[in-house]
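Written below as structure tokens is the structure these notes are about.
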Number of protein chains: 2
Amino acid sequence: MEALAHPRQRRKQARPAELTAAALELFVEKGFAATRLDDVAARAGVSKGTLYLYFDGKDALFKAVIQEGIVPILEAGAGLVDTFEGGSAELLRTLIREWWQRIGSSALGGVPKLMISEARNFPELAAYYNEAVITRGRELMRRVLRRGIERGEFRAVDVETAIDVIFAPVLMLLIWRYSLGACGCGGHDPESYLDTHLDIALRGLATGEAT
Amino acid sequence: MEALAHPRQRRKQARPAELTAAALELFVEKGFAATRLDDVAARAGVSKGTLYLYFDGKDALFKAVIQEGIVPILEAGAGLVDTFEGGSAELLRTLIREWWQRIGSSALGGVPKLMISEARNFPELAAYYNEAVITRGRELMRRVLRRGIERGEFRAVDVETAIDVIFAPVLMLLIWRYSLGACGCGGHDPESYLDTHLDIALRGLATGEAT
DNA sequence: CTCAAGTTACTGACCGGTCAGTCAGTATCT
DNA sequence: AGATACTGACTGACCGGTCAGTAACTTGAG
């Protein structure tokens, strides 16, 4: 109400962002349940009490990490799909490569595995993630596949199923990387893995001949 | 040394099997870290102390679950691949459907998600699983793909990558089922999901025309 | 057959360590 | 002297693993 009366009260309000950054790192490293708030605080250079000045608790901290990190990227993806001009195969390629750039190979890359791991033990977080991320992500894939089918570029596969079938290898690449892949169990070069996947999938989707 | 002197000392030595069955259920339900040994014991109808008569601790219990449950199934799979006569596309279909029957839709279905979730926090268990399960499973897929390429049925894709690209949607189906899918976040009918996947993948692999 | 001694199978209270969340207190501004 | 930002010791609940004790069964001497 009268808050505007203070001309110079916040010097460096980057504090919450530092906290969510530290939390993201540790959630990805250890999982949600196994991350200690003491460690999050220590990594951000504050004490545990300070955490509670900015977030109501562990759950709220988690939601803030997702909201800040992933939601804006999905919005950018929607922009891409809306304005893209060109073949739908090319759009699918671009969307998946963009996703790999912005999420897969960034600090956010561990989030899908994190959610899969913790969903059953923290159903409220799962519901939040489903609504904030998964539903919106599927909507992007849906638009691309429908576009391709309408334009006669893709066969008339079952769209709702194909969304997940086609995105699955991309997710698995990431999930692997942040689970058994991190234990020296061998992995793949992301570039050639995505190439092989898109090669097989786009050829499998195509109506007539390739591009 | 003189143990053979007792003619009738064991009546029902099914105890360890009951314990691993209870452990499998709870590991799949809650994860490895979040499962309490008290609960495993209670579900098997014994006390926690009894668990330690049969297993050295939580880790050993876990390894016994995998060894008993999954390793024999992989051996059966190797038999199938060795003796199969017919098209390689058909073999791939059969192998994946068999896997879905014996593992995917059984009580063991939660194991892949379990391992992915816990691998980083329990690297020793991950190493065991990698050696006992993943390496052998990949070997099966490798043989099928090589067979198809050698017989001119499949294109000469990069086999090591294709193994994982093709198996990824099958794994994701299961992973989903035991993570967000268990929180009412929507899922797929396994039959039509596998159909869609095999349709796209086999068409993407094929050299000339379909079967 | 009887009963004590020995053996096996099992129990559950307990210990030591962990961690989310609390809050009385300190420090640094205005 | 009051407001704001932050601290870290503390609490209560939790759980893997331990172990002294109990119960049930077997053996064999009398």
Side-chain angles (χ1 to χ4, degrees), chain A residues 1-20 22-23 25-27 29-65 114 117-118 121-125, chain B residues 1-23 25-27 29-65 114 118 121-125:
Chain A
M1 300 84 187
E2 72 302 334
L4 300 183
H6 316 273
R8 179 50 33 98
Q9 98 202 45
R10 324 194 164 281
R11 288 145 313 162
K12 49 154 191 170
Q13 210 47 312
R15 189 81 337 153
E18 287 163 17
L19 295 175
T20 53
E25 282 176 28
L26 281 160
F27 286 157
E29 237 169 75
K30 314 260 197 192
F32 178 75
T35 292
R36 288 171 294 136
L37 291 185
D38 272 314
D39 288 348
V40 174
R43 185 164 301 198
V46 300
S47 76
K48 188 166 57 167
T50 303
L51 233 47
Y52 283 83
L53 297 176
Y54 294 98
F55 303 98
D56 283 347
K58 219 184 184 188
D59 287 26
L61 180 59
F62 179 88
K63 289 181 187 175
V65 167
L114 170 63
S117 299
E118 309 286 1
N121 288 335
F122 301 92
E124 195 207 312
L125 299 185
Chain B
M1 294 86 185
E2 72 303 334
L4 300 184
H6 317 276
R8 176 53 28 101
Q9 94 202 51
R10 326 197 161 281
R11 286 146 314 162
K12 50 155 195 173
Q13 211 46 314
R15 192 68 354 141
E18 287 162 18
L19 295 176
T20 52
E25 281 176 29
L26 281 160
F27 286 158
E29 236 169 75
K30 315 261 196 191
F32 179 75
T35 291
R36 287 171 293 136
L37 291 185
D38 273 313
D39 287 349
V40 174
R43 185 164 300 199
V46 299
S47 75
K48 188 166 59 168
T50 304
L51 233 47
Y52 283 83
L53 298 176
Y54 293 99
F55 304 98
D56 284 346
K58 218 183 185 187
D59 287 25
L61 180 59
F62 179 87
K63 288 181 186 174
V65 167
L114 171 63
E118 309 286 359
N121 288 335
F122 301 93
E124 195 207 313
L125 298 185

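The figures here come from the full heavy-atom set of this structure, side chains too, leaving out hydrogens, waters and symmetry mates. Numbered from 1 within each chain, the chains take letters A, B, ... in sequence-line order.
In this structure, CZ in A:Phe122 is found 10.0 Å from CG in A:Leu114, a value given to the nearest 0.5 Å.
Rounding to whole angstrom units, CZ of residue B:Phe32 and P of D:dC15 are separated by 14 Å. In this structure, the CG atom of A:Leu19 is 12 Å from the C1' atom of D:dC6, given to the nearest Å. The separation between A:Asp39 atom CG and D:dG8 atom P is 15 Å, rounded to whole Å.
Nearest heavy atoms, A:Val40 versus A:Ala22: O-CB, 3.8 Å.
Among D:dG8, C:dA20, D:dG17, the nucleotide with an atom closest to any side-chain atom of A:Ser47 is D:dG8. You'll find that the side chain of A:Leu53 is closest to D:dT7, out of C:dT11, D:dT7, D:dT18. For B:Arg36, the side-chain atoms get nearest to D:dG16 when compared with the rest of C:dG21, D:dT7, D:dG16.
Below 30°, between 30° and 60°, or above 60°: for B:Phe62 and B:Phe32 the angle between ring planes is above 60°, a perpendicular geometry.
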**Prompt:** Where do B:Leu26 and B:Arg43 land on the side chain to side chain contact (heavy atoms under 4.5 Å, CB included) test, with the steps shown first?
**Reply:** CA-CA 9 Å; B:Leu26 281 160; B:Arg43 185 164 300 199; 3.7 Å; yes
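Contact between the side-chain N/O atoms of A:Tyr54 and the OP1/OP2 oxygens of D:dC6 is found at a separation under 4.0 Å.
Along DNA chain D, the nucleotide nearest B:Lys48 and the nucleotide nearest A:Thr50 are compared for position; the residue whose nucleotide lies closer to the 5' end is A:Thr50.
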